[in-house]
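Before any comments, here is the structure.
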Amino acid sequence: MASQTNSTNVLDSALEQLEDVAALVDLHPDVLAKLKKPKRTLIVSIPTRMDDGSLEVFTGIRVQHNMDRGPCKGGIRYHPAVSIDEVIALAMWMTWKCAVVDIPYGGGKGGVICDPTDMSQTEIENLTRRFVTELVTIIGPEQDIPAPDVNTTETVMGWLMDTYSMQQGYSVPAVVTGKPICLGGSLGRAAATGRGIALVTRETLNTKGIPLEGATISLQGYGKVGGAFADIISEMGARVIAASDISGGLYDPDGLPISELSAHVRETGFIEGFQAGESIGNEELLTMECDVLVPAALENVLTAENAGDVRAKIIVEGANGPTTPAAHRIFTEGDVFVVPDILANAGGVTVSYFEWCQSLQKLFWTEEQVNQRLERVMVKAYHEVYERADELQTDMRNAAMALAVERVGEAILARGIYP
Ligand code: NAD
């Protein structure tokens, strides 16, 4: 998904964001200099036996942006448009995201330039096992813990765990998160990102004095993130009045029947074919009057072209990078309150951290324990960002970045520069 954007722009904007926030908080120049570059970038060739007997050599990348607060954490994506610059930018964002929710990780990211939609499961397994073998010296529970991302599933994480374990000679479940439950995956992980977004939405409505009961929500994207969010926010009492996915959208001012809609999407994969409300297009959904707009599908959907037409009071960014910098300026100059992605969708990496803790300790928490701890982390992070925004007299995106960069900077200065 994010792989569809221009990779140079992605890194440029990640660096521009960092420079801006460094100026805002008067960041130590040593810290800024260190954070502008990834700690390590490894590029490998991945010879892969294809089903027709031929050999294809793919390119794989793993970037470790920063390890000052702990091991690197971040997903691996399989996509034709993966590039080094994009992986660096995504790794950098992971550093900020982990620091915002104050979990002891730095940021990492990986990618393989390939089109998995055109490959068999055997070919994907061959590619994964060879890629992991090439990464074996730089990943591990204490140094870099991958996870799923675009086009990589829990099955792929199972192969990753197995391949790494084969190289060590014993099982190492803590090398990866997002793995199947039977291999040490965590209860509550699947819904964690959506749950975190719902918790942050609840806190935002609260701070804005809008009752959660009956609050109106417009949701773009009904996948792993959007679907779980819709279920949880409607259980909390809000009304999802509009929802869309790639197949189309639905609108009902009284609220869509979410449990039936979610069952339909689980069964068919799409919103299309569900009988409720009236049909709407994506653009209409983004600009509809509502309390909270949650873009939870793609990046760059809120742009300079449509930002002026947005009538939501609050935007909670479920997707990564749904708002372009130009749109963000329009929202902050107007009166739209934006909860940025690095805070709003950090529930996923938070429960990944819980999964890693459970795997290291070889014990398992109940789903209730996972959800309670997630709630504590998300609520605390939300209020810390809100207070920092107030102190700095800035918006929530700058405040989240400021908090993150300051936390990483503090660790860098406390450790000092080696040697
Ligand atoms: P997904 O593939 O499960 O779901 C994506 C959804 O977006 C689907 O419903 C799809 O139909 C919809 N969609 C695609 N193109 C669309 C279009 N043009 N218009 C409207 N809808 C469209 O992916 P996901 O895991 O739910 O991820 C969604 C976003 O959240 C991504 O930006 C991802 O990076 C981000 N994110 C995901 C997680 C996670 O734990 N899965 C964590 C943090 C951030």
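Atoms within each ligand, like the ligands themselves, are counted from 1 in listed order.
Both the backbone and the side chain of Asp245 come within 4.0 Å of ligand 1, judged by heavy-atom distances.
In this structure, the side-chain contact (heavy atoms from CB on, under 4.5 Å) partners of Thr303, at least two apart in sequence or on a different chain, are Glu305, Asn306, Thr324. When the side-chain hydrogen bond (donor to acceptor under 3.5 Å, both in side chains) test is applied to Gln17, the partners found at least two apart in sequence or on another chain are Trp93.
Relative ring orientation between His65 and Trp96 is described as perpendicular, the plane-to-plane angle rising above 60° on a 0-90° scale split at 30° and 60°.
Shown are Arg202, Arg195, Lys380; of these, the salt bridge (charged side-chain N to carboxylate O under 4.0 Å, His left out) with Glu375 is made only by Arg202.
Residue Val225 approaches ligand 1 through these ligand atoms, each under 4.0 Å from one of its heavy atoms: 24 (P), 25 (O), 26 (O), 27 (O), 30 (O), 37 (C), 38 (C), 39 (C), 41 (N). Taking every non-hydrogen atom of Leu298 and a distance limit under 4.0 Å, the qualifying atoms of ligand 1 come out as 15 (N), 16 (C), 17 (C), 18 (N). Below 4.0 Å from some heavy atom of Ala297 lie the following atoms of ligand 1, by number and element: 7 (O), 12 (C), 13 (N), 21 (N), 22 (C), 28 (C), 29 (C), 31 (C), 32 (O). Less than 4.0 angstrom separates some heavy atom of Asn282 from each of these atoms of ligand 1: 19 (N), 20 (C). Below 4.0 Å from some heavy atom of Arg189 lie the following atoms of ligand 1, by number and element: 40 (O).
By heavy-atom distance, the residue among Ile342, Ile246, Asn345 lying nearest atom 14 (C) of ligand 1 is Ile246. Selection from Glu299, Lys224, Met94 by nearest heavy atom to atom 1 (P) of ligand 1 gives Lys224.
Taken from CG in Asn126 to CZ in Arg130, the straight-line distance is 11.0 Å, to the nearest 0.5 Å.
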### Task
Decide side chain to side chain contact (heavy atoms under 4.5 Å, CB included) for Lys313 and Val336; before the verdict, give the C-alpha distance in whole Å, the side-chain angles of both, and the deciding distance to 0.1 Å.
CA-CA 5 Å; Lys313 299 185 183 90; Val336 185; over 6 Å; no
